[in-house]
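These notes concern the structure reproduced below.
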Amino acid sequence: SGNTTLTYFAPAGDYGFRALATENGKPALMSNEKAFTLTNGSSDNYIIDFNEAEAGIMMQFLIEDMNGRPLETDAVVTINDEAYTLEAGMQNLMLTGINADQISYKVESQGYNSYETSFAVTDIHRNAGRIYVAVSLSPTPTGIGQVQSESIRIETNMVDQQIVIYNDGIRSWNASVVSIGGQTLVNERIVEGVNYISINQLSKGHYILMLTDGEQKKSVRIIKK
C-alpha cells in the first residue's frame, strides 16, 4: 500500500536481494532476484516491480556440511527435474514460482554424500507460500561409521497452534522457540520422522526456532498468527 524507500549502506562487494510482499501477514509475491556490484563510493538504485513476480510457493534452502559450515564445492539442487546451482562458500538458496502437487528434490556436491527426498504439497504450504529446508551433507565415506546426509524440513514458518518439523535423518535434535528478546519459551526433542511443537500458549508475533544436534545449529523465524 503506497511506495516505500529503503536505504542500505554496505561495503564494496557483490550483493543480491529479493523483495517479499505480504498480504494479511502472509507471503503474497516474491520479486525477481536483483544482483549488483558495489565499488567504493558507488550506489545502486532499484525499483521493485511485483508485476514481474512469480506466483507459486517459495522454497528456502540452507545447505551446509555436518559441522554447520558452507560446502567447499558447488552444490546442485534439483527440484522436480529443474537444476539450480549454489556456489561454494554460500549457504542459502531461495527459489520462487514452484507450482506442483509433489516436490522431489536432490542436493549434490562433489566430495559429499547426496541427499534426496520428496513430499506432497499441502494446502498449508500453499497458504503459507513458503517452505524452509535445512540440508546437511556429510563427506564422501572414507571409513566405517560415516554419518549420512540428512535434512530438517519445516512445514511452514507461519503457524497457528503448532510447528511441524520433519526430521529425515537418523540423529535427534533439540528445538527451542525463542522470543525476539532472546528468552527461551519452549524446548522439545526432535526425533526421526514427524514432530509437533505446541505453541498454542504463545501470543501472536515473531519468534525464532533454534535447532541443534550438539554440533550443528540452525535457525528460522516463526510467525505465530
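Since the structure is predicted, the reported quantities are computational estimates derived from the model, not experimental observations. Scope of the values below: all heavy atoms of this structure, side chains included, with no hydrogens, waters or symmetry mates.
- Checked against side chain to side chain donor-acceptor pair (under 3.5 Å), S198 has no partners two or more places apart in sequence or in another chain.
- For T212 and N174, the side-chain atoms include no donor-acceptor pair closer than 3.5 Å.
- In this structure, R153 is positioned above the aromatic face of F119, its NZ or CZ under 6.0 Å from the six-membered ring centre and within 45° of the axis.
- Annotation for R126 and A100: closest pair NH2-O, 4.0 Å, computed over non-hydrogen atoms.
- Scored by the side chain to side chain donor-acceptor pair (under 3.5 Å) test, Y105 finds S151 as partners (sequence neighbours excluded).
- A donor-acceptor contact shorter than 3.5 Å is absent between the side chain of S219 and the backbone of L209.
- With N80 contributing its side chain and Q102 its backbone, the two residues share a donor-acceptor pair below 3.5 Å.
- Taking a 6.0 Å sphere around CG of D81, one finds it holds 12 or fewer heavy atoms contributed by other residues, nucleotides or ligands.
- Taking the charged nitrogens against the carboxylate oxygens, K218 and D213 have no contact shorter than 4.0 Å, which rules out a salt bridge.
- Of the possible polar contacts, none joining the K217 side chain to the G68 backbone as a donor-acceptor pair under 3.5 Å is found.
- Separation of atoms CD1 (I190) and CH2 (W173) is listed at 10.5 Å; rounding is to 0.5 Å.
- Hydrophobic clustering (ILVMFWY, side-chain heavy atoms < 4.5 Å, transitive): V178 and I154 are in distinct clusters.
- Taken to the nearest 0.5 Å, the CE atom of M66 stands 9.0 Å off from the CG atom of N113.
- The shortest distance between side-chain heavy atoms of V133 and L62 does not fall below 4.5 Å.
- Formation of a donor-acceptor pair under 3.5 Å by the Y112 side chain with backbone atoms of E72 is found in this model.
- A donor and an acceptor atom, one from each side chain of S176 and T184, are nowhere located under 3.5 Å apart.
- Taken from CD in E64 to OG in S136, the straight-line distance is 5.0 Å, to the nearest 0.5 Å.
- Interatomic distance, M59 CE to L93 CG, rounded to the nearest 0.5 Å: 9.5 Å.
- Counting all heavy atoms, side chain and backbone alike, M90 lies closest to L86 at O-CD2, 3.5 Å.
- Pairing each heavy atom of I199 with each of K224, the nearest pair is O-NZ, 3.1 Å.
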Pair I208, V220 - check side-chain contact (heavy atoms from CB on, under 4.5 Å), show working. CA-CA 6 Å; I208 302 296; V220 61; over 6 Å; no
For a side-chain contact (heavy atoms from CB on, under 4.5 Å) check, start with the C-alpha distance between I165 and I197, then their side-chain angles and the critical distance, and finish with the verdict. CA-CA 8 Å; I165 302 176; I197 300 178; 3.7 Å; yes
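- In terms of modelled atom types and a separation under 3.5 Å, the side chain of N195 and the main chain of G193 share a donor-acceptor contact.
- Interatomic distance, OH of Y207 versus CG of L202, reported as 4.5 Å (0.5 Å rounding).
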Let me see the working for R171 and Q216 under side-chain contact (heavy atoms from CB on, under 4.5 Å), right down to the final yes or no. CA-CA 11 Å; R171 296 181 299 170; Q216 303 176 80; 2.3 Å; yes
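- One hydrophobic cluster holds both I63 and I131 under the rule that ILVMFWY side chains link at heavy-atom gaps under 4.5 Å.
- K106 and T117 form no side-chain donor-acceptor contact under 3.5 Å, judged by distance and modelled atom types alone.
- Using modelled atom types and a 3.5 Å distance limit, the side chains of D74 and T85 yield no donor-acceptor pair.
- Shown here for Q201 and V186, the closest heavy-atom pair between the two residues is NE2-CG2, 3.5 Å.
- Scored by the side chain to side chain donor-acceptor pair (under 3.5 Å) test, Y166 finds E155 as partners (sequence neighbours excluded).
- Linking ILVMFWY side-chain heavy atoms closer than 4.5 Å, directly or via other members, places V107 and I98 in a single hydrophobic cluster.
- Annotation for R130 and I57: closest pair N-CG2, 4.2 Å, computed over non-hydrogen atoms.
- M210 and M158 are members of different hydrophobic clusters when ILVMFWY side chains are connected at heavy-atom separations under 4.5 Å.
- Residues V76 and F61 are members of separate hydrophobic clusters, defined by side-chain heavy-atom contacts under 4.5 angstrom among Ile, Leu, Val, Met, Phe, Trp and Tyr.
- When all heavy atoms are compared, the tightest approach of S118 to S104 is CB-OG, 3.2 Å.
- Here Q161 contributes atom CD and K225 contributes atom NZ; the two are 10.5 Å apart, rounded to the nearest 0.5 Å.
- At most 12 heavy atoms of other shown residues, nucleotides or ligands fall within 6.0 angstrom of atom CD in Q110.
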Checking side-chain contact (heavy atoms from CB on, under 4.5 Å) for the pair N167/E150: CA distance, chi angles, key distance, verdict? CA-CA 8 Å; N167 180 8; E150 56 187 293; 4.0 Å; yes
